[in-house]
Structures are given as structure tokens and as C-alpha cells.
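What follows is a single structure, and I will ask about it in a moment.
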There are 2 protein chains.
Amino acid sequence: MAQAVALRESSRKAEIVAAAARLFSERGYHGTSIQHLADALGLQKGSIYAHIGSKEDLLFAVVNEGADRFIDRGRRAVEMEAFAAVRLRRLLVSHIETAIEHLDAATVFLNEWRYLSDDRRERIQMKRDLYENMVRRIIDDGINAGEFRNDANVRFAARLVLSAGNWTYAWFKPGGELGPTEIGEKFADLLIRGLEA
Amino acid sequence: MAQAVALRESSRKAEIVAAAARLFSERGYHGTSIQHLADALGLQKGSIYAHIGSKEDLLFAVVNEGADRFIDRGRRAVEMEAFAAVRLRRLLVSHIETAIEHLDAATVFLNEWRYLSDDRRERIQMKRDLYENMVRRIIDDGINAGEFRNDANVRFAARLVLSAGNWTYAWFKPGGELGPTEIGEKFADLLIRGLEA
């Protein structure tokens, strides 16, 4: 019984976080009020506050879930037993797939995270750094294995990979000619060609 | 006398547009009210409305000026009499310099332009397409001259150039180790290496 209540509680909370992701992505964090959220969910403001402490808690929940999604997928690519080029391709394709599958959360993660309070922004920054380090590690491995050019600038190559991944959500049109997987593959072709020894 | 009044008028308008760029960049378009703007400028709301029709006029002014800045600099790169690699490098370096020199306007141009009304968003989309076509033209020229690989994917290579340029503003820290020119050069090294025949 207590378990059923906890389950209902967590699914209601997930519903609120998903609605917040959509509204923050459409109207921006500062342009969204708890009233907008209540209207979108057909709830009273009081019911929302029964599940969350503040609007910023919701922003943190959306951004933090987004960060964890990228990190989980990134880790799988880093840990593959394969050539660096294969792992880098996997990471970039996964990144773009994740961003497009969760377009609202990705938009909030990328545009609105700067509105977090200092300590929460720092926690997210640590996750961003962790993720960037995964990309750098794959490129480093490729250089050490003689697979990538030994004069490649690891830092900028990693940023180029992340730029390609992060910028995609800004121009991606659902239902367009190419899906997220194909887009990731095309960028990977170009990036890997630039790195290969 | 009338000329002096017109000058004062246009400099006051420029001041309002600059303050709007800063506020839209800091708080988002939906999070900024004309009252915020009046407070930031030490003016009455009525004085602001003497210069502009609506908040959306200001968004359009910021975004449109931003677009024109990128296009002016891009055109200079396209029209250079030089190898495609030199022109592509010039365009990317100019792009990053422009984004960093006008960081507020670039942030608004990139994040907030989607809040424009349909007809204005279309006008800006035409300018974005024009700019992207400049990048594609340089890459095409390089392929036709045998300078770039003839199997390069022009569309994705152009998007990679723009991703690198556009994403920089999101992680750039003023006063950091590298300035905008050096960042542009590092990205250009990687991108051109990936394109060269």
C-alpha cells in the first residue's frame, strides 16, 4: 500500500518534470511560472507545490536528468572494446540521438541551465566536465594507439565533437530527410577524417 | 537642428536596443518586461514606447542587427581572392570574433530568435540560409579547385563550421587563456584538415 502510494507519487513527480521541460523549452525558464505549469497539467498550484519545493528545483531536475542521460550513454561508448574511431563515432551518434529523443530536456539543458543557483550550476558543471573528459579520453586513446594524428589538439577536437552534437538540436526538424542516427554518422565521418593519422 | 534631434533619437534608440540585448541575453525574452528595461535605463516605460512599438520590435532589432553583422563579415571572407582554405578560415575566425565581441546580441540571436512572430522569423531564416550558403560556397569552390576532397559532404561540413562557431559563445569565458581569434584558428585547423584533398 505504502509502495503503491510512493509509485503514484514518483510518477506524478515525473509528469511534472516532463511538463516543466516542455514549458521551459518553449517559453524559457524566466518566462514560465508555476501557474503556467498548473494550467498545462490541469492542477492547482498547491498540488504542484506538494511535489516540488520551488521552480528552480524543477529546472535542476530537468537539467540533472539530462546530464545523467548524456553521461550514461557516453560511458557505454568509452568502455567499448574497439578502435578509438569506433568509440568516438558511437559517442557522437548516441549524443545526437539522446538530444533529439529528449529534445525539450536537451534544449533546457543547453539553454537554461545558466539560470541555476551557483551551487547547483557547479554540480552540473562537474557533470559537463566529466562528459567532456570522456570525449577527450577517447581521442587521447586514439593518439596513443597511433590511430589519430599525434599533433591533434585534444581539447579543441573534443569541443568540435560536442559543438556538432549540441548545435544539432537548434536546427533539427523532426520528420526531415535525415534522422538523428544518420546526422551523427555524417558528422562522425568528417570529424574522424580530420583526426586520422 | 532637425538633424541633431534625429541623431539624438537614433542614439537613444541604439541605447535601448543594446540594453534589450543585455536583458534578453541574461533573463531570456519571455523573462524580460518593458519595465525591466525602463529600470535598467533609468527611464519611464512611456519614454521607451516613444522609441519602439513593442517588445517584439526590440527582439527583431537585436536579432536582425546580429544577422547583418555575421553576413557582412561572411561576405568579406567569400569575396577574398585566396584559396578556399584561407577563406574558410577567415569566415570561421570572423564568426567567432563577431560572436564574442557582441556576446549579448549573439546569445539572443542564437537562443531567443525562435520567439519572433512567424513573418519575422522567416525573414531571419532567410538571412541564416544566406549565411550558410556562403559557407557552402567556399567549400564547393575548394572541391571544384581540387583543394578539398571531392567526396566531402558540403552540407554537413558547412554545419560543422557553423556548429563550432555558434557553440563557442556557450562555453567562452572572457579573460580565459585563448581569445576569439585563437579559438577560431584552432577550430579552422581541425576542420580544414578534415576537408583537404
Side-chain angles (χ1 to χ4, degrees), chain A residues 23-33 36 92 96 107-115 125 128-129 132 139 148-149 151-172 177-178 182-197, chain B residues 23-33 36 92 96 107-115 125 128-129 132 139 148-149 151-172 177-178 182-197:
Chain A
L23 285 171
F24 293 162
S25 137
E26 282 171 10
R27 311 182 42 91
Y29 176 66
H30 284 301
T32 305
S33 66
H36 288 127
L92 181 57
I96 294 179
T107 303
V108 176
F109 179 70
L110 295 166
N111 281 352
E112 309 293 321
W113 80 293
R114 60 210 173 99
Y115 299 131
Q125 185 62 57
R128 293 177 89 113
D129 291 346
E132 188 165 336
I139 297 169
F148 292 158
R149 293 186 291 116
D151 65 341
N153 185 316
V154 177
R155 189 170 145 208
F156 276 82
R159 287 225 162 118
L160 198 53
V161 171
L162 295 175
S163 297
N166 287 338
W167 201 246
T168 297
Y169 84 95
W171 57 262
F172 180 78
E177 194 189 332
L178 295 178
E182 292 76 29
I183 292 171
E185 296 284 356
K186 301 270 183 209
F187 277 134
D189 291 344
L190 281 161
L191 287 160
I192 288 165
R193 179 80 72 137
L195 285 169
E196 272 169 347
Chain B
L23 285 171
F24 293 162
S25 137
E26 281 171 11
R27 309 181 43 90
Y29 175 66
H30 284 301
T32 303
S33 66
H36 287 127
L92 180 58
I96 294 180
T107 303
V108 175
F109 179 70
L110 295 166
N111 281 352
E112 311 293 320
W113 80 293
R114 60 210 173 99
Y115 299 131
Q125 185 61 56
R128 293 178 89 113
D129 292 346
E132 188 165 336
I139 297 169
F148 293 158
R149 292 186 292 115
D151 65 341
N153 185 316
V154 177
R155 189 171 144 209
F156 275 82
R159 286 224 163 119
L160 198 53
V161 171
L162 295 175
S163 297
N166 286 339
W167 201 247
T168 298
Y169 84 95
W171 56 262
F172 181 78
E177 194 189 331
L178 296 177
E182 291 77 29
I183 292 170
E185 296 284 357
K186 301 271 183 209
F187 278 133
D189 291 343
L190 282 161
L191 287 160
I192 289 165
R193 179 81 72 138
L195 286 169
E196 272 169 350

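Protein chains get the first letters and strands the later ones, always in sequence-line order, with residue 1 at the start of each.
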Which of A:T107, A:N111, A:L162 touches chain B most, by non-hydrogen pairs under 4.5 Å: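 Of the candidates given, the most pairs with chain B belong to A:N111.
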
Point-to-point distance, once rounded to the nearest 0.5 Å, from CZ of A:F156 to CD of B:E182: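 Rounded to the nearest 0.5 Å, the CZ-CD separation comes out at 9.0 Å.
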
Pairing of B:R114 and A:E26 as salt bridge, 4.0 angstrom limit: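 The answer is no: the pair does not qualify as a salt bridge.
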
Part of B:Y115 within contact of chain A (heavy atom distance under 4.5 Å):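 Only the side chain of B:Y115 comes within 4.5 Å of chain A.
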
Could you go through residues 189-197 of chain B and list every donor-acceptor pair under 3.5 Å that involves a side-chain atom there, pairing it with any protein atom two or more places apart or in another chain?
residue : atom : partner : partner atom : Å
B:D189  : OD1  : B:R89   : NH1          : 3.1
B:D189  : OD1  : B:R89   : NH2          : 2.9
B:R193  : NH2  : A:D151  : OD2          : 3.3

Residue B:R159 versus chain A: region with a heavy atom under 4.5 Å: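 Contact with chain A involves both backbone and side-chain atoms of B:R159.
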
Inter-residue atom distance B:K186.NZ - A:L160.CG, 0.5 Å rounding: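 Spacing of NZ (B:K186) from CG (A:L160) equals 14.0 Å.
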
OH-CZ distance between B:Y29 and A:R27, expressed to the nearest 0.5 angstrom: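 So the OH of B:Y29 and the CZ of A:R27 are separated by 11.0 Å.
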
Side chain, backbone, both or neither of A:T32 within contact of chain B (heavy atoms, under 4.5 Å):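 For A:T32, no heavy atom lies under 4.5 Å from chain B.
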
Interface residue of largest heavy-atom contact number with chain A, from B:S163, B:G31, B:G28, B:G165, under 4.5 Å: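 Heavy-atom pair counts peak at B:S163.
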
Set of side chain to side chain contact (heavy atoms under 4.5 Å, CB included) partners for B:T168, sequence neighbours left out: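 Testing B:T168 for side chain to side chain contact (heavy atoms under 4.5 Å, CB included), a comparison that skips the adjacent residues, returns B:I96, B:I100, B:W171, B:F172, B:I183, B:F187.
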
Euclidean distance, B:N153 CG relative to A:E185 CD, rounded to 0.5 Å: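 CG of B:N153 is found 12.5 Å from CD of A:E185.
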
